[in-house]
Amino acid sequence: MKRRHGFLAAFLAALLVAPSLLPEFYVTLLNYIGLYALVALGLVLLTGVGGLTSFGQAAFVGLGGYTTAYLTTATDLPALLAPFGHLPWVALVIGLILTAVVALLLGALTLRLSGHYLPLGTIAWGISLYFLFGNLDFLGGHTGVTGIQVLEIFGTEVKDGREFFYLIWTVLLGAIWLTSNLLDSRDGRAIRALKG
């Protein structure tokens, strides 16, 4: 146990000093690793622990990302969404809520499938949403959304890869901690039991 805490302390210390010691390329690489690890954590919880096969994970990541980017950059939002325009943190919450609602709807349809039809259904949703996002002009097509404003945390602008590094890894470590606590809870035991 002592060795495990020592390893964790060394890892956290390395994360703290990495942006100031490493060249920009490696900081950007670590940022991508942190972002992809966050996505993979959800996939591990669903597929690895729960035993449900899903190949549509990227579609939900895209839905949340595009929703947040669109609400942050759009100038002609509907009256219902206009008060939330150009507020990245509020747009992120709306993006997460929309993604959860779509996931519930698609899950209700897809989980009726069984056998090899279930993974094929998730592949179909993933591919269809990929082509949908890529062909919508107001989302920038396959190029993506441009003109996203600088993110602010407590009045401090986060505009550099070295500054994003700390945000990404703080969110990732928090998500790992929450996932670990979830798996040790009663609901976590239910998730583990899904395999059986």
Side-chain angles (χ1 to χ4, degrees), residues 1-69 72 87-100 103-104 107 119 122 126 144 148-196:
M1 190 69 161
K2 202 172 195 181
R3 185 176 180 190
R4 183 177 172 188
H5 288 298
F7 175 74
L8 180 61
F11 177 72
L12 292 175
L15 280 178
L16 282 173
V17 299
S20 58
L21 298 178
L22 295 174
E24 189 69 32
F25 171 78
Y26 292 110
V27 173
T28 302
L29 190 62
L30 286 171
N31 285 345
Y32 282 127
I33 289 170
L35 289 172
Y36 295 146
L38 191 59
V39 174
L41 184 63
L43 192 59
V44 164
L45 188 61
L46 180 67
T47 304
V49 178
L52 296 172
T53 305
S54 173
F55 296 106
Q57 188 87 354
F60 298 118
V61 173
L63 181 61
Y66 272 113
T67 302
T68 305
T72 304
L87 299 172
W89 292 108
V90 175
L92 176 63
V93 171
I94 292 171
L96 291 172
I97 291 169
L98 178 67
T99 301
L104 286 171
T122 62
I148 297 174
Q149 67 187 42
V150 175
L151 190 63
E152 284 189 26
I153 300 174
F154 303 117
T156 305
E157 290 186 349
V158 181
K159 55 188 173 189
D160 181 275
R162 294 180 191 278
E163 295 166 350
F164 269 111
F165 176 88
Y166 293 111
L167 176 62
I168 291 167
W169 282 90
T170 300
V171 170
L172 175 61
L173 292 173
I176 290 171
W177 179 75
L178 287 172
T179 303
S180 175
N181 285 338
L182 170 68
L183 291 175
D184 289 337
S185 70
R186 182 178 179 182
D187 293 329
R189 290 189 293 277
I191 292 171
R192 290 178 200 269
L194 286 174
K195 274 187 183 178

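Keep in mind it's a predicted model, so treat the numbers as computed, not measured.
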Shortest non-hydrogen contact from [X] to [Y]?
X: V17; Y: S20; answer: O-OG, 2.8 Å
X: G161; Y: N31; answer: O-ND2, 3.0 Å
X: D184; Y: R189; answer: O-NH1, 3.5 Å
X: A18; Y: L30; answer: CB-CD1, 4.4 Å
X: L22; Y: R162; answer: O-NH1, 2.9 Å
X: A59; Y: G126; answer: CB-CA, 3.9 Å

Practice problem: Report yes or no: does S180 contribute a side-chain atom to a donor-acceptor pair with the main-chain N or O of I176 at less than 3.5 Å? | Solution: no
Practice problem: Would you confirm whether T68, through its side chain, and G95, through its main-chain N or O, come within 3.5 Å as a donor-acceptor pair? | Solution: no
Quiz prompt | Flag side-chain contact, heavy atom, 4.5 Å: L12 against L173 | solution = yes
Exercise. List in chain and number order the residues that pass side chain to side chain contact (heavy atoms under 4.5 Å, CB included) with T170, two or more places apart in sequence or in another chain; answer none if no residue qualifies.
Key: none
Rounded to the nearest 0.5 Å, how far apart are [atom1] of [X] and [atom2] of [Y]?
X: Y36; Y: L43; atom1: OH; atom2: CG; answer: 14.5 Å
X: T99; Y: Y66; atom1: OG1; atom2: OH; answer: 13.0 Å
X: D187; Y: N181; atom1: CG; atom2: CG; answer: 12.5 Å
X: L41; Y: L178; atom1: CG; atom2: CG; answer: 9.5 Å

Practice problem: Assess whether side chain to side chain contact (heavy atoms under 4.5 Å, CB included) is satisfied between L46 and Q57, documenting all intermediate values. | Solution: CA-CA 10 Å; L46 180 67; Q57 188 87 354; 4.3 Å; yes
Quiz prompt | Among F164, F165, Y166, the one residue meeting side-chain contact (heavy atoms from CB on, under 4.5 Å) with V158 | solution = F164
Practice problem: Go through the steps to decide whether L172 and W169 satisfy the test side chain to side chain contact (heavy atoms under 4.5 Å, CB included), and finish with yes or no. | Solution: CA-CA 5 Å; L172 175 61; W169 282 90; 3.5 Å; yes
Exercise. Would you check, one step at a time, whether the test side chain to side chain contact (heavy atoms under 4.5 Å, CB included) holds for T28 with E24?
Key: CA-CA 6 Å; T28 302; E24 189 69 32; 4.0 Å; yes
Exercise. Please report the C-alpha distance between L183 and L45 in whole Å, then the side-chain angles of each, then the deciding distance to 0.1 Å, and finally whether the side chain to side chain contact (heavy atoms under 4.5 Å, CB included) criterion is met.
Key: CA-CA 9 Å; L183 291 175; L45 188 61; 3.7 Å; yes
